[in-house]
Amino acid sequence: MAKLARPAASQMRIYAIPLTRRPPPSKTLPLVYYYPRMPPPTDPSAPPTYFNRALNKANSIWNKWGQEKSGWKVSSRYAWCSHPDVLGGQKFIKVYTWGNKAYERVDFEELSLGSIDPALGPKLMSQGGGKEAVRAVEKGEPISIQLIHPTRVGPSDPLAHLTRLLDIRTPNHRRWFWIFVGISPLTAPFMLIPIVPNIPFFFCVWRAWSHWKAYKAAEYLRQLVRSKSIRPVPSPIMDEVYASYTSTTPSKMISKRNTPTEEDPMLLARGMVPDLLFKLRIPPDAELNLERAVEQAQLRMKPVVEDSRDVRLEEQKKKDQ
């Protein structure tokens, strides 16, 4: 029997970038940042949809708020709290700064999923063999999506890791979407405050929208996995970058170093990010998101680092006795 030809590679690619050697406390999966590289729009000259127009308008307004020098867009005064020991009198909270900090705290997994636009990716076509019998196609031809990953570090089976992550994140984002949708009407009393808009309402809408995007992207990836349209591809370049930054030199606090060591649970550090993206030819605009993922991974692994340090101190004390 003749061997079936392998489907052509899609323009869509997924880079599996390992962040930690082992899972954070109370978790089962080591942390991996999945960077999706989406195909360009088929018709760049086509006018944006109404949704994209509204999104671009919202981003433009938010950026303008950051350029304001005064007013509620920059700060909100909570005059109702004047206790000097609690808030030092009248507390000024920069709304724009607060919004950016809230964005920084969003899980990097959610932001990664939210950057996937199923409308730009391969289409899912039914093969007539039931609901699960689908395949990914581009221009009517079956394709495979490359899952690019290192072989010397990270999960031994990146596709299984991605599948398990999607099984965890999909219901999580769906649940939080409905939670924020349900909370949104409860913010109606804030509309009575003059001048200042209903910031809690906009926050709930933003979080609901973000979880909805992540949920739809996770569902899309799960269908691609079930249709066997995602194919792991080893990357010698990633192996080279990770190997070149590995050092046995003792490091300082995990939040301050630029390169990982073999003793700590981190695989990726901020100092590696520019070199990794450059060698993989990933656009520079991904650097900020990847650095944010590294910082979040460091915070999640901090208890592990502190426990290891305590163990080493105890062992040293026993040796000194």
Exercise. Below 4.5 Å, heavy atoms only, C-beta onward: do Y34 and I116 meet side chain to side chain?
Worked result: no

Exercise. Are I168 and I14 co-members of a hydrophobic cluster defined by side-chain heavy atoms under 4.5 Å apart?
Worked result: yes

For this session: Taking the side chain as every heavy atom from C-beta outward, state whether V241 and L280 have any pair of such atoms under 4.5 Å apart.
Result: no

Problem set entry | Test log, rule side-chain contact (heavy atoms from CB on, under 4.5 Å), inputs Y33 and N289 | CA-CA 10 Å; Y33 179 79; N289 288 332; 3.5 Å; yes

Problem set entry | Close side-chain approach of I282 and E287, heavy atoms under 4.5 Å | no

Exercise. For the atom pair CD (E240) and CZ (R152), what is the distance rounded to the nearest 0.5 Å?
Worked result: 9.0 Å

For this session: Might you confirm whether atom CZ of R37 has over 12 heavy atoms from other residues, nucleotides or ligands at distances under 6.0 Å?
Result: yes

Exercise. Are side-chain heavy atoms of Q146 and R231 found at a separation under 4.5 Å?
Worked result: yes

Exercise. Would you call L290 and Y35 a side-chain contact if the rule is heavy atoms closer than 4.5 Å?
Worked result: no

Exercise. Do L113 and L221 touch side chain to side chain, with heavy atoms closer than 4.5 Å?
Worked result: yes

Exercise. Looking at D117, L124, V225, which hits side chain to side chain contact (heavy atoms under 4.5 Å, CB included) with Y220?
Worked result: L124

Exercise. Can you list the steps and then say if K213 with H173 is a side-chain contact (heavy atoms from CB on, under 4.5 Å)?
Worked result: CA-CA 9 Å; K213 281 203 313 176; H173 291 303; over 6 Å; no

Exercise. Quick one: are V32 and H149 in side-chain contact, heavy atoms under 4.5 Å?
Worked result: no

Exercise. Same hydrophobic cluster for I183 and V205, using side-chain heavy-atom links shorter than 4.5 Å among ILVMFWY?
Worked result: no

Exercise. Under 4.0 Å between a Lys/Arg side-chain N and an Asp/Glu carboxylate O for K101 and E104?
Worked result: no

Exercise. Going through the distances and angles, do I17 and Y242 end up as a side-chain contact (heavy atoms from CB on, under 4.5 Å)?
Worked result: CA-CA 10 Å; I17 304 177; Y242 276 95; 3.3 Å; yes

For this session: Hey, could you give me the CZ/CZ distance between R222 and R169, rounded to the nearest 0.5 Å?
Result: 13.0 Å

Exercise. Are R300 and T20 side-chain neighbours, meaning at least one heavy-atom pair lies under 4.5 Å?
Worked result: no

Exercise. Nearest 0.5 Å, what's the CG-CZ distance between D157 and R164?
Worked result: 14.0 Å

Seminar exercise, completed: dist M238:CE -> I148:CD1 (nearest 0.5 Å) comes out at 8.0 Å

Exercise. Is I230 reachable from M12 through a run of I, L, V, M, F, W or Y residues, each pair having side-chain heavy atoms under 4.5 Å apart?
Worked result: yes

For this session: State plainly whether one hydrophobic cluster holds both L111 and F177, where clusters connect Ile, Leu, Val, Met, Phe, Trp and Tyr through side-chain heavy atoms under 4.5 angstrom apart.
Result: no

For this session: Decide yes or no on side-chain contact (heavy atoms from CB on, under 4.5 Å) for Y215 and H211, but give the supporting numbers first.
Result: CA-CA 6 Å; Y215 166 68; H211 280 293; over 6 Å; no

Exercise. Is L147 reachable from V233 through a run of hydrophobic residues whose side-chain heavy atoms are each under 4.5 Å from the next?
Worked result: no

